[in-house]
Structures are given as structure tokens and as C-alpha cells.
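What follows is one structure encoded as C-alpha cells, with my remarks underneath.
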Number of protein chains: 4
Amino acid sequence: MVKDQLLIKKRREQMIKAAVTLFIQKGFHRTTTREIAKESGFSIGTLYEYIGSKEDILYLVCDSIYDQVSENLKKRLKQDVEGIDSLRYAIAALFRVIDDLQDEVLVMYQESKSLPKEALRYVLQKEFEMTELIQEVIQECVTKGHLELTDQEIYQSAHNILVQAHMWTFRRWAIQNKYTLDEYTEIQTNLFLNGLLKK
Amino acid sequence: MVKDQLLIKKRREQMIKAAVTLFIQKGFHRTTTREIAKESGFSIGTLYEYIGSKEDILYLVCDSIYDQVSENLKKRLKQDVEGIDSLRYAIAALFRVIDDLQDEVLVMYQESKSLPKEALRYVLQKEFEMTELIQEVIQECVTKGHLELTDQEIYQSAHNILVQAHMWTFRRWAIQNKYTLDEYTEIQTNLFLNGLLKK
Amino acid sequence: MVKDQLLIKKRREQMIKAAVTLFIQKGFHRTTTREIAKESGFSIGTLYEYIGSKEDILYLVCDSIYDQVSENLKKRLKQDVEGIDSLRYAIAALFRVIDDLQDEVLVMYQESKSLPKEALRYVLQKEFEMTELIQEVIQECVTKGHLELTDQEIYQSAHNILVQAHMWTFRRWAIQNKYTLDEYTEIQTNLFLNGLLKK
Amino acid sequence: MVKDQLLIKKRREQMIKAAVTLFIQKGFHRTTTREIAKESGFSIGTLYEYIGSKEDILYLVCDSIYDQVSENLKKRLKQDVEGIDSLRYAIAALFRVIDDLQDEVLVMYQESKSLPKEALRYVLQKEFEMTELIQEVIQECVTKGHLELTDQEIYQSAHNILVQAHMWTFRRWAIQNKYTLDEYTEIQTNLFLNGLLKK
DNA sequence: GATGAATGAGTCTTCATTCAT
DNA sequence: TATGAATGAAGACTCATTCAT
């Protein structure tokens, strides 16, 4: 196996990019390691200098996607917004991040089940942490008195919002030709908030 | 190919049952036709008397699941409930149906993407029709003045409800150990309705 | 896997014959499963209907050779010969059997080390049993008073005789162009016996 | 390719040592060049500065083992022993040398067949020369009248003795847990000589 | 002289599908 | 109708060897 850490990083990025492209087109199982190597720009031998098995690629892909989503989301959440708008803003931010990484997210949604058990657990953990980011924003709104929700409702709302973000990709056939991302964001935010605002 | 229609039906049901069991355990791609034949109780030769290719099995499975969900849901929706409760009732019914067919729904969620294009279109069409069932219930509430929603909101709400039903299965790792189906139903219904009721 | 036991036996015999031919020529590791299939007269797919892995073939080969050697030897040992001649006869019989199965024995000598652990143990056990056959003949001569040997000497003599039989194959480059099997048998018998006869 | 002869010698010795260790553990074919390089303490690139192909390593190993055995044996044979004892002594010396280089000898026994033809011939030549060393000792005993043997018997006896020495390694599973090297030496010497001494 | 990243031919093995019985 | 033996294309992965630095 190759030693140069920088090279490893570079090559793996090449692989991940190639893999996402191919997984989108044909799914994980129908994509061959040779195809990934070719799309990555190197030989099958070289591919295996950087991974141990085909499943490793799927893992790298999932891991990288989470990191990207997470990083981008955190970057956006830093903005200083107050009150109920902080939640509005968070939802919009999340939706936008997912929209930007649409293909990647879709791949992860469809293929992560093929991960070996241990890796799957790890990936689910990341999904959990992402949900918590949203949960915290909601919690803050509740704490500050802008929303009135039970703990269970907070927890479930966070999951709902995340799934609604993912929905934008995995149900694109039903949604994306109906409205733009901005419209979608507004509709979902309204549906969600109108019921939660104190009356 | 076999001609006796009754036999065809019987054999296909055997296959579908076997396939669902196996797809749940190992996914479509990791399940072999031989395994399906064995689990079905007949030989690989016989299997191919009733299907043309492995993908046909996946199609049969998906088709059958939709029919079951659809049929069960329609049965439940027949109940005569009035006003906003009709929607409450519809949500509960949907959630219950999905819960009953949990494994099947999960398989469809995870594997339908492997369907050949034509078959996928057909299956999505069924998903559409299912959404319309919910949409109609919402629409009725709006028409009758129990809810105030734009057309887009109606459309999106129907999708949301359906996805929330599916969520109960594909996010079970995060939800099913938190609350029972009844609790889940109540939480989701509250979150949804409290915002939609006229104030 | 194929069910018809008779067919399994037949196919495996084909495989074993093909494998011995090839292993002799190029050794186990340099022989591919495809070559074995081809030489056996069927496709690679069919080959794997009758074995689980390449190592299985080696095991089948070794097992079969032992059975052949053993069977042939036992057949020959049945002859009714008395006194010290029973030993002379046994040695000659053993040498002849090994000579008949020269290639097979050589393969086993050179390749059995590549057997997976468990299989190796099993094969060594068979080698042991074969040695015991010789040991018994010697023992009988001692018991009857034709030879005077300690237990250790009996044990070691049996091993020596067996190795001398194998030697005829694995040292053929030094021996077989010097004398015929009959001559070899006589020389070895003399060298061995002349020292053991009571003086 | 490197030119410094001293360095070549040093590097090759490192390689041989590493290779023997690994060949013992896993055999020639299952050992990779990378592993040999690593165990040798240098890179795969460096390895190929000192050899042309993997087979070269096997050749170096075999050649080196013969040289060691041969050298050690000759050293021991120098002792001044007279009469039949010279043969006793030679046998003991040979057995001891082989015992000292047990692993190496075993490797050679099991793997030399994988040598390319030309190299194999060369190695067999060395084996021949080694046999001749023993042959000479026996011949001397015959010439001096201590033993009475035909030429063929002399030739074969030398081979027998050598194979008995090797047997100590390749049949260790049956012998080494029965008696010590000294006991083994005594048994074999007795079995051999008692028949050859003039009566 | 030493390094180690890159290569790709070659290997074992799987599995959907066919077809004679 | 049912069976299951036969097929071979295709896939994951290995490893001896090269060569630019």
C-alpha cells in the first residue's frame, strides 16, 4: 500500500468523484471496480493500492459526503440570526446544502445499505449527529419561547426536517418539476411553522 | 412457458414471498436466483418457467407490495369518518398499513431503483396513485373548510405524509426504539395538523 | 451443487485425472482451474459444480491416490506367503504399486504441503495407515522369529521401506536410469534384509 | 543494476535469509516479492536491483543451502577416523548437518521443483555431488575390506543414507516425536550396518 | 544505489440463464 | 410441467515487474 499520505488523499478524492458519478448512473452493484479505476484516471492495480475492497469505496463515498454536507451546513449555520428566523434560516441552509450535493446524497440514500455492518453503524452515527444539529436549533427556539414543543416533538421534528431535505432528492421525480428549491423551502417551512407558532 | 393461469398465480406468490424474505436479509443483488428458487420450494428450472429474468422477480415483488398496501389502505379508508377526523383517520390508517408491511415496504424503498427503466416508471406511477389517495382526503378537508391550504401545500402535504409513513420503516433505527406506532402517529399528526387548523 | 451422486463420482474422476496430468507438468500453483476444467472436458462453471475451491481438487487428488495405492497394495498383500518371504513379497508389492502410480505419487509428494491444514492432517493420517500395513508384516516376521528387531527398529524400518518406495519416484533422475524396478527392488531388499536375518 | 560486489553479496544474504523464513511459513508460491523485500529490510525496488525475477530468489536460496550443507559436511568429514567407524562417523555428521539446517533443507525439498529447468539441473548436480561424498566413504570401506558390497549397492546405499538424512526433516511429523536425533542416528546406522558387516 | 507508485495480465470464483430429459 | 446439469461471461482482487525520481 502507498505511503505518501498526501497522495492517498488526492487519489481517494479522485476515486470518490468517479465513484459517485458511476453509482448515480448505475448503482453500486452494477458498477465494476475497473470502471471506477478508469473513471478515476488510473489502472485497476493502482485503485487497489488505495483501497482494500470495493466496499471500501462505498464507505469512502459515504464518509466524504457526510463530511461535505456537515461542513457546508456548519458553515452556513454560523450566521447570526435571531429568534424564530434562526430556524427558518437553518432549514433553508440545510435544503440548499442537500440541493448542492444532490447526486451524492441520493447515492448515499440508495447505497449505504450495502455497507458492511461496522461501516453502516459509523455512517448512521454521522446521520445522527447531523440530526442533532437541527435539533439544537429547534431546542433553542423552544428554550427562548418562540416555539412550544415537547421533547419528543423536537426530536421528531428534527428528523422530519432532515428527511424533507433528503426528499428533495429521492422524490425529485415528483417534486423538482413542480417547484424550485426556494418554493419548496418556503412551502415546507410554512407547513411546519404555521402549526408551531404560539397562537 | 406454463399456461395454467391459476398455477402461474400460485407459483408467483410463492416466489414473491421467498424473494421478500431474502431481499430483506441480503438485498436484491446479493440474493441469487437459486436461493429464491430454493426458498420458493421449487427448482431453478421451474423458477424460469414463470419469469423471464431476475429483474422480473423484483418487479413482481414491488408490484405485489403496492397492491397489498393499496388494497389494505383502501379497505381502511372506506370507514365513514367526517370532518378533520377523516384526515386523522387516513394518516393513522396509512401508518398502520405501512407498519404491517414493514419489511416489504423497506425492500421496495431500497431496491426499486434496480428495476429496469420501464418497470420503474410503472412502479412510480403506483406510488403516485397512492399519494393521490391521501391528497384527496386532504383536498376534501380543504373543500369542506376544515383546512386552509394552497394547492401546492396540499400536494406537498400528501407527499410529506407518505414519506413520514415510509420513514417509520427506513428510519426505524432512530424512531422505533423511541416510541410506539401509536405514539408516532400522534406526534406526526399533531405536528402536521396544529399548523393547519384554522385559527 | 449437483445432486446425482453417481455423476459426482464420474465428474470428480475426470477432474482428478486431468489434474494429475497437469500437476505433473506444471505443479499445483502453476495450473489454473480453467486448464483443469478444459482438460477434464467441461467448462469452468461445471468444474465449480463439483468442487468448492481449487484446493479441493488437490485434496481429491491426494485422497484418490492414497485410496488407489492402498487398495492395490492390500490386494497384493492378500497372497499367501510364509516366513521371511512375506516381507520380501510385501516390499516388492509396494514398490510395484508405487511404480504403477508413479506420477500420482510424485504429485502427492510435491504438492500435498499446499493442502489446507485440516486436509493435510487427514492425508498424513492415511500415510500413517499405509506405514502400518508394512509395519505389521515386519512385526509378524519378528513375532515368528524370522527377524530380530526392537520395536523402534520395526517402526523405523517400515518408514524406511515406504520412503524407499517413494524414492523410486522422487529420485528417479538418479535411480531409474541406473536399474530397472526389479533390480531396484532386489538391491533394496538385500540391503535391508541381509542385516536383519539372524546369523 | 548494482555493481559493488560486496554489497551484492550482503544484500543477497539478507534476501536469502528472509526468503527461507517466509518459504518455510507459506511456501514459495504463496510468498510475495514484496514480503521478501520487507523481511529483507529494503524496498521492492531495491530487491529488483539484485535479482532478475522471483525465481532467482528461489535459486539463490537453494544454491546457498547446498553450499551450507556441503561446507558443513566437508568440515566434519575432515576428522580422522579409521575403518568402519569412518562410515558411522560420516552418517552421524550428515544427519547432524541436516538437523542443523532443518528448515532450509525442507524448503529445498519442497520448492526446488519450482526452479526453472536450467537451475533445477544445476541444483540436482549439487545433490549428486553430495551423494558422491557419502559414496566415497562407503567405497573406501569396501576397498579396505570392511564392507562387502557391489557397485550398485554402494551407489544405492549412498542415496539411501542421504534420503534418510532428509527424511529426518520431511517426515518429522512421524519421527521427531518418537526419538532424538542421536537415537535416530543410531537406529538407522544399526539397520544399515548390521546387514553389511562381514559375517 | 534506493525508493515506492503505477501497471495490467492473469487468477479464482460466481451466478443468471438455458435446455435436454 | 418440473428438473437440475451445464455453460461462460463477467467480476473482484493479486502480484511480479518497471521506471521516474
Side-chain angles (χ1 to χ4, degrees), chain A residues 1-4 7-8 10-11 29-38 40-57, chain B residues 1-4 7-8 11 29-38 41-57, chain C residues 1-4 7-8 10-11 29-38 40-57, chain D residues 1-4 7-8 11 29-38 41-57:
Chain A
M1 274 261 203
V2 174
K3 293 176 176 176
D4 183 337
L7 193 54
I8 291 183
K10 183 182 150 198
R11 292 275 178 267
H29 283 103
R30 291 199 216 279
T31 302
T32 69
T33 52
R34 275 198 149 74
E35 286 169 326
I36 297 172
K38 196 173 181 189
S40 302
F42 36 70
S43 72
I44 182 67
T46 300
L47 184 86
Y48 275 91
E49 290 287 321
Y50 295 93
I51 53 152
S53 76
K54 193 187 172 190
E55 277 172 346
D56 285 359
I57 303 178
Chain B
M1 270 267 197
V2 177
K3 292 182 177 171
D4 180 340
L7 193 52
I8 291 183
R11 291 277 180 263
H29 283 102
R30 293 198 215 277
T31 301
T32 68
T33 51
R34 273 179 147 94
E35 286 170 323
I36 297 172
K38 194 174 182 191
F42 38 73
S43 72
I44 183 68
T46 302
L47 185 87
Y48 274 87
E49 291 291 323
Y50 297 92
I51 53 153
S53 79
K54 192 187 172 190
E55 278 170 345
D56 285 359
I57 304 176
Chain C
M1 272 261 202
V2 174
K3 293 177 175 175
D4 182 338
L7 193 54
I8 291 183
K10 182 182 151 199
R11 292 275 179 267
H29 283 102
R30 292 199 215 278
T31 302
T32 68
T33 51
R34 276 199 148 71
E35 286 169 326
I36 297 172
K38 197 174 180 190
S40 303
F42 36 71
S43 72
I44 183 66
T46 301
L47 183 87
Y48 274 91
E49 289 288 322
Y50 295 92
I51 53 152
S53 76
K54 193 186 172 190
E55 277 172 345
D56 284 0
I57 303 178
Chain D
M1 270 269 198
V2 177
K3 291 184 178 171
D4 181 339
L7 192 51
I8 291 184
R11 291 276 180 263
H29 283 102
R30 292 199 215 276
T31 302
T32 68
T33 51
R34 272 177 147 96
E35 286 170 324
I36 297 172
K38 194 175 182 191
F42 39 72
S43 73
I44 183 67
T46 301
L47 185 86
Y48 273 88
E49 292 291 323
Y50 295 93
I51 53 153
S53 78
K54 192 187 173 189
E55 279 170 345
D56 285 359
I57 303 176

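Labels below follow one simple rule: chain letters A, B, ... track the order of the sequence lines, proteins then strands, and each chain is numbered from 1. In this text, all values refer to a predicted model and were calculated from it rather than measured experimentally. Computed over heavy atoms, backbone and side chain alike; hydrogens, waters and symmetry mates excluded.
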With respect to the phosphate group of dA16(E), does any side-chain polar atom (N or O) of Thr33(B) fall under 4.0 Å of OP1 or OP2? yes
Ignoring backbone atoms, test whether Arg11(A) places a side-chain nitrogen or oxygen under 4.0 Å from the OP1 or OP2 oxygen of dA5(E).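 Answer no for this pair, as no side-chain N or O of Arg11(A) is under 4.0 Å from OP1 or OP2.
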Hey, which of these two, Tyr48(A) or Thr46(C), hits DNA chain F nearer its 5' end, going by closest nucleotide?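 Result: Thr46(C).
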Please tell me which of Tyr50(C) and Glu49(B) maps to the more 5' nucleotide of DNA chain F, matching each residue to the nucleotide holding its nearest heavy atom. Glu49(B)
Between [N] ([atom2]) and [X] ([atom1]): distance, integer Å:
| X | N | atom1 | atom2 | answer |
| --- | --- | --- | --- | --- |
| Leu47(A) | dA5(E) | CG | C1' | 14 Å |
| Ile44(A) | dC15(F) | CD1 | C1' | 13 Å |
| Ile8(B) | dT1(F) | CD1 | C1' | 12 Å |
| Asp56(A) | dA12(F) | CG | P | 13 Å |
| Arg30(A) | dA12(F) | CZ | P | 13 Å |
| Glu55(D) | dT17(F) | CD | P | 8 Å |
| Leu7(A) | dA20(F) | CG | P | 17 Å |
| Lys54(C) | dT14(F) | NZ | P | 16 Å |

Please verify the inter-ring angle class for Phe42(B) with Tyr50(B); under 30° counts as parallel, over 60° as perpendicular, anything in between as tilted. tilted
On a heavy-atom basis, which atom in Glu49(A) and which in Met1(A) lie closest, and how many Å separate them?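 Closest approach of Glu49(A) to Met1(A), heavy atoms only: O-SD, 2.9 Å.
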Nearest-nucleotide 5' precedence on DNA chain E, Phe42(A) against His29(C):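 Whichever sits nearer the 5' end wins; that is Phe42(A).
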Both Asp4(A) and Thr32(B) contact DNA chain E. Which one's nearest nucleotide lies toward the 5' end? Asp4(A)
Test item: Thr31(A) and Ile57(A) side chains (from C-beta on) under 4.5 Å apart, heavy atoms: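 The answer is no; the side chains never approach within 4.5 Å.
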Opposite nucleotide pairing with dT21(E), Watson-Crick or G-U, both atom distances under 3.5 Å: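 With both distances under 3.5 Å, dT21(E) matches dA2(F).
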Can you measure from CD1 (Ile8(B)) to NZ (Lys3(B)) and round to the nearest 0.5 angstrom? 10.5 Å
Drop me the distance from Lys54(C)'s NZ to Thr32(C)'s OG1, to the nearest 0.5 angstrom.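 Spacing of NZ (Lys54(C)) from OG1 (Thr32(C)) equals 7.5 Å.
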Answer with base, sugar-phosphate or nothing: what part of the nucleic acid does Lys38(C) contact at a heavy-atom distance below 4.0 Å? nothing
Does a distance-only test, which skips hydrogens and angles, find a donor-acceptor pair under 3.5 Å between the side chain of Arg34(C) and the base of dT13(E)?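 Donor-acceptor pair under 3.5 Å: yes.
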